[in-house]
K.L.:
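One structure, as structure tokens, below. Some questions next.
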Amino acid sequence: MPPGPSSSPVKRIIAVVGPKGGVGKSTISTNLAVGLTAMGYKVVAVDLDLGAANLHAMFGLRKVQHTLDDFLLNKVKDLNQLVVDTNIGALKIICGGDVPGIASLPYAKKISLIQHLAKLEGDCLLLDLGAGSSFNVVDFIIIAHKTLMVTTPEITSLMNVYSFIKTVAHRRLEIFFRRKKSNDLLDLLEKARDPDANPHLKTMASYFNVARRIDMDLANQAQKILAGFEPLIVVNRVETAADANSGEVIRKLMEQYLDIKSSVVLTIREDKTLKKSAAMMKPVVLEFPKSSFAVDIMKIANLVVA
Amino acid sequence: MPPQVVIFSPDKLRGGITKEVLRRAGIETLLISKVAKAKGALVADSPQALVLDTMGCLPEEINILLEHCRTLKQTTVILLGRSSLIEAIAADRGNTIPLSDPLDPELVAEKVKTAMASPPGLNTEEPQDLQADLIEFLRLE
């Protein structure tokens, strides 16, 4: 089973997830890493978009000797051998690779990677995860102290965020019940995955109501675990008040149907400077520190380390 | 045909630059620096966009123009000025785009073009109920 957040040299692990591709997740990861570095933190950013790495391009790093592929293909045993200087203060990155099929990680390899990530040294470890809701994305969130869910105001992106968080919630419960060897609650969770056949399990609250009748103690423990999941919703490319409000709408639905009560909604305004800095292959926070994007990123940086 | 875009700016330089950049982008505008005239233009012309430069504006002037725009649902308001002020205003209204300083006239032109590309009257409808749509598409009920 994937380990939970545990004592490790890395003080804060921040996962940046964008279930729908193209929402600006890597741009946000890059600039957030730079912002945290500017605040004085020792940051290691890891490109976990397996098979489709691009973080190194965001930093303009053209010649990278070793990537995460080397670890996953057993060419190197220690992740520290893959850490690369970005020449931006103390910020370092581990570049992702692009070996076809590498995203379908075997379970044991994934666990090994997660364990090694948690041992990296630094103040902040920033995980730039791939798109989608596969367990090879979801399971990396389990070690994160803070999870940023990046969306845009479009309804399809919001739907992906909701579905992703639902997957994370189910996965956390599954892992917990497997650890506790509670087959009854696992069976109930399986039934909850088919709300058409089991409408009485449609919401997470109704699931726990039934679960408590089976095993009150375990159900309460599981509910507490879920209560500890506090994703920060980040709505990117905001242009109007309605755009900004879309994050609040999805937050309410998560509270109502998934019992996820404590998510914070942040917004990042649409900003023309992104195109300019992308062309320069330099982070916006460095090149245009007074731009609205940079200002919004720094607000997020302050929040994730608070 | 009356201009489809009104620029209100008490600052001659900012207003002039914005008007010129919009002109080069093929957009004819009416530049006004007095509130009473701006009100008159909004009533007479029902423009598709109002570029409201808050720099140098008195708070009452901003309020008067925004109040007027409430009755013109098809008018997109593009606010220019200090981020702390215009963000607060935009948060309270729909169909408003805040573009914080430093002034970027090309970005203003881009936003005006977008506003003009929307068919007139489209914005008069109430915004789609996002929550209801999400509930339906996610099959939550």
Side-chain angles (χ1 to χ4, degrees), chain A residues 151-166 194-196 199 202-206 235 237-258 265 267-276 288-296 298-299, chain B residues 21 25 49 66 69-70 73 75-115 117-118 122-141:
Chain A
T151 180
T152 56
E154 285 74 36
I155 194 166
T156 47
S157 185
L158 296 166
M159 286 171 65
N160 278 23
V161 162
Y162 180 91
S163 300
F164 184 90
I165 292 179
K166 185 176 176 183
D194 186 359
D196 290 335
K202 197 157 207 161
T203 68
M204 200 55 82
S206 58
V235 186
R237 303 201 185 116
V238 164
E239 293 187 90
T240 65
D243 287 350
N245 190 53
S246 63
E248 186 57 29
V249 171
I250 204 71
R251 188 197 69 75
K252 280 184 192 159
L253 289 181
M254 279 163 41
E255 182 173 332
Q256 188 177 348
Y257 293 95
L258 299 177
V265 179
T267 55
I268 299 178
R269 289 163 284 176
E270 179 69 86
D271 193 332
K272 206 175 161 187
T273 55
L274 260 74
K275 232 180 181 174
K276 292 179 195 170
F288 304 100
K290 291 187 182 171
S291 64
S292 55
F293 179 86
V295 165
D296 292 343
M298 291 312 295
K299 281 183 195 167
Chain B
V21 169
L66 288 176
C69 285
R70 267 188 222 281
K73 289 187 182 167
T75 303
T76 299
V77 177
I78 297 167
L79 290 167
L80 310 180
R82 273 185 302 115
S83 135
S84 52
L85 171 65
I86 63 177
E87 297 287 337
I89 295 171
D92 254 347
R93 318 181 70 247
N95 207 15
T96 303
I97 301 169
L99 298 178
S100 51
D101 279 351
L103 177 64
D104 184 344
E106 282 172 10
L107 184 58
V108 176
E110 207 179 286
K111 297 300 178 188
V112 167
K113 277 185 189 169
T114 306
S118 305
L122 180 67
N123 293 328
T124 59
E125 290 177 23
E126 284 300 311
Q128 290 277 39
D129 188 339
L130 178 61
Q131 181 163 318
D133 284 341
L134 280 167
I135 287 173
E136 198 170 340
F137 287 123
L138 288 166
R139 294 182 291 155
L140 297 178
E141 282 175 9

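Sequence lines set the chain letters: A, B, ... in the order given, protein chains first and strands last, and positions in each chain run from 1.
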K.L.:
Of all of Arg269(A), Lys166(A), Lys290(A), Glu270(A), which one pairs up most often with chain B through heavy atoms under 4.5 Å apart?
P.N.:
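Highest number of pairs under 4.5 Å: Arg269(A).
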
K.L.:
Select one option (side chain, backbone, both, neither) describing which atoms of Lys252(A) are under 4.5 Å from chain B's heavy atoms.
P.N.:
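For Lys252(A), the side chain is the part near chain B, not the backbone.
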
K.L.:
If only atom types and distance count, is the side chain of Ser157(A) paired as donor or acceptor with the main-chain N or O of Glu154(A) below 3.5 Å?
P.N.:
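Pair absent, no side-chain N/O of Ser157(A) close to backbone of Glu154(A).
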
K.L.:
Side chains of Glu239(A) and Lys111(B): does their closest heavy-atom pair fall under 4.5 Å?
P.N.:
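Side chain of Glu239(A) against side chain of Lys111(B), heavy atoms only: contact under 4.5 Å found.
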
K.L.:
If you look at every heavy atom in Leu79(B) and Ile89(B), which pair is closest and at what distance?
P.N.:
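Here Leu79(B) and Ile89(B) meet closest at CD1-CG2, 3.6 Å.
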
K.L.:
Within the supplied structure, the quantity of interest is the number of heavy atoms (other residues, nucleotides, ligands) at a distance under 6.0 Å from Glu110(B) CD; does it exceed 12?
P.N.:
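Counting other residues, nucleotides and ligands, CD of Glu110(B) exceeds 12 neighbours.
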
K.L.:
Between Ser83(B) (side chain) and Ser100(B) (backbone), is there a donor-acceptor pair under 3.5 Å?
P.N.:
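The answer is no, because no donor-acceptor pair under 3.5 Å joins these two groups.
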
K.L.:
Where on Asn245(A) is there a heavy atom nearer than 4.5 Å to chain B: the side chain, the backbone, both, or neither?
P.N.:
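Answer is neither: Asn245(A) stays 4.5 Å or more from chain B.
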
K.L.:
Out of Asp104(B), Ile135(B), Leu140(B), return the one with the most heavy atom pairs under 4.5 angstrom to chain A.
P.N.:
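Maximum pair count with chain A is reached by Leu140(B).
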
K.L.:
Pick one of side chain, backbone, both or neither for Ile155(A), based on which atoms fall under 4.5 Å of a heavy atom in chain B.
P.N.:
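Contact with chain B is through both the backbone and side chain of Ile155(A).
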
